[in-house]
Amino acid sequence: GESGLAYSPTLPPKVRAVIQWRLAMLSPAAQTLTQTAAVIGRKFSFDVLARSSDQDEATVVQSLDELWQRQLVRAQGGNAYDFSHDGIRAVAYGDIGPVRRRAVHLRVAQVLEALHSDDLDAFSGQIAAHDEQAGQAQAAITFYRRAAVAAQRIYADAEAVRVYRHLLESQLQASLSPQERCALLLALGEVWQATGYW
């Protein structure tokens, strides 16, 4: 899913080499933009990309056009785009240094929060995942909990269970207060009770 941001599909060495060669042929600005897009996810909108990038809008337009011309990204209608192959995203993501990667994840989280302030429930899972990758444990916990509650509200119980378990089983558990841990276990129990897994 979209919250598996840091995943890296295992690519055959030849495929990886071809993708690395294709990325190396890009202008420096387009290479940087590809990395920013890779942090955002498989799909990304122009608005989020432009605001998450440290390039001016004209450069973003030019670089995105270059990526489209070279068939590295596809237009999905509206202002939505995606990578033409998951491997392109994986290689571009892998090329980012850890310090910059965390910084871009944080920027994307902030951009998503600002752009969707009137509909945070729908985007809280994505925001949480970016905060987690940015090393912002408290923000990640807050948004994951919001995502789980939102999922329960629309009876997406499997998604709620996945989020609660992620909070309780991932490295984020170290940042949970005893009260939060207790509240999460009770919430998970409630979902299981509602779905008959008690």
Side-chain angles (χ1 to χ4, degrees), residues 1-120 122-136 139-140 143-144 147:
E2 269 312 287
S3 46
L5 294 164
Y7 84 116
S8 185
T10 41
L11 295 169
K14 274 184 182 168
V15 175
R16 185 174 289 276
V18 168
I19 292 171
Q20 280 171 329
W21 177 78
R22 287 179 70 189
L23 293 175
M25 304 296 282
L26 296 168
S27 67
Q31 286 181 27
T32 303
L33 197 72
T34 307
Q35 293 178 351
T36 304
V39 169
I40 296 169
R42 171 76 193 261
K43 295 189 172 104
F44 53 92
S45 73
F46 177 83
D47 296 346
V48 175
L49 182 63
R51 292 193 193 195
S52 302
S53 165
D54 42 19
Q55 302 170 353
D56 61 67
E57 194 164 316
T59 309
V60 171
V61 169
Q62 200 176 348
S63 299
L64 188 56
D65 189 56
E66 187 181 337
L67 297 178
W68 180 80
Q69 298 278 2
R70 294 188 181 244
Q71 299 180 340
L72 294 168
V73 301
R74 301 175 294 206
Q76 294 286 43
N79 71 356
Y81 296 85
D82 73 348
F83 283 95
S84 52
H85 186 287
D86 243 359
I88 296 166
R89 184 189 161 215
V91 172
Y93 190 86
D95 283 345
I96 313 169
V99 176
R100 180 160 176 267
R101 185 181 295 175
R102 285 168 77 123
V104 179
H105 272 297
L106 180 58
R107 182 97 185 102
V108 173
Q110 292 166 342
V111 167
L112 287 171
E113 198 176 337
L115 273 178
H116 302 292
S117 56
D118 55 345
D119 188 21
L120 278 180
F123 291 89
S124 50
Q126 279 181 50
I127 295 167
H130 285 292
D131 275 326
E132 182 180 3
Q133 294 300 327
Q136 303 291 315
F143 278 105
Y144 274 132

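The basis for the numbers below is simple: all heavy atoms, side chains too, and nothing from hydrogens, waters or symmetry mates.
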Original post:
With a 4.5 Å limit on heavy-atom distance, are the side chains of I88 and V73 in contact?
Top reply: no

Original post:
Do any N or O atoms from the side chain of S53 and from the backbone of L33 form a donor-acceptor pair under 3.5 angstrom?
Top reply: no

**OP:** Measure across L26 and R70 and return the closest heavy-atom pair with its distance rounded to 0.1 Å.
**Re:** CD2-CD, 3.5 Å

Original post:
Can you pull the salt bridge (Lys or Arg N to Asp or Glu O under 4.0 Å) pairs that have at least one residue in residues 71-84, sequence neighbours excluded?
Top reply: R74-D82

Original post:
What do you reckon, are the aromatic ring centroids of F143 and F123 less than 6.0 Å apart?
Top reply: no

Subject >> Selection residues 18-35 - residue pairs positive for side chain to side chain donor-acceptor pair (under 3.5 Å), sequence neighbours left out >> reply: S27-E66, Q35-R100

Subject >> Side-chain donor or acceptor of R51 paired with backbone N/O of L112 under 3.5 Å >> reply: no

Original post:
CZ/R89 to CG/L72 distance, rounded to the nearest 0.5 angstrom?
Top reply: 15.0 Å

Subject >> T59 side, atom OG1; E57 side, atom CD - distance, nearest 0.5 Å >> reply: 10.0 Å

Original post:
Would you call V108 and F44 a side-chain contact if the rule is heavy atoms closer than 4.5 Å?
Top reply: no

Original post:
Can you tell me if R42 uses its side chain to pair, donor with acceptor, with the backbone of F83 under 3.5 Å?
Top reply: yes

Original post:
Any donor-acceptor pair under 3.5 Å linking the side chain of S52 with the backbone of V48?
Top reply: yes

Original post:
At what distance, to the nearest 0.5 angstrom, does CD of Q62 lie from CD of Q55?
Top reply: 10.0 Å

Original post:
Heavy atoms, side chains only, cut-off 4.5 Å: are V104 and I96 in contact?
Top reply: no

Original post:
To the nearest 0.5 Å, how far apart are CG in L64 and OG1 in T36?
Top reply: 11.5 Å

Original post:
Side chains of L106 and R102: closer than 4.5 Å at any heavy-atom pair?
Top reply: no

Original post:
Distance from H105 atom NE2 to E132 atom CD, nearest 0.5 Å?
Top reply: 10.0 Å

Original post:
Can you name the closest pair of heavy atoms from D131 and A139 and give their distance?
Top reply: OD2-CB, 3.4 Å

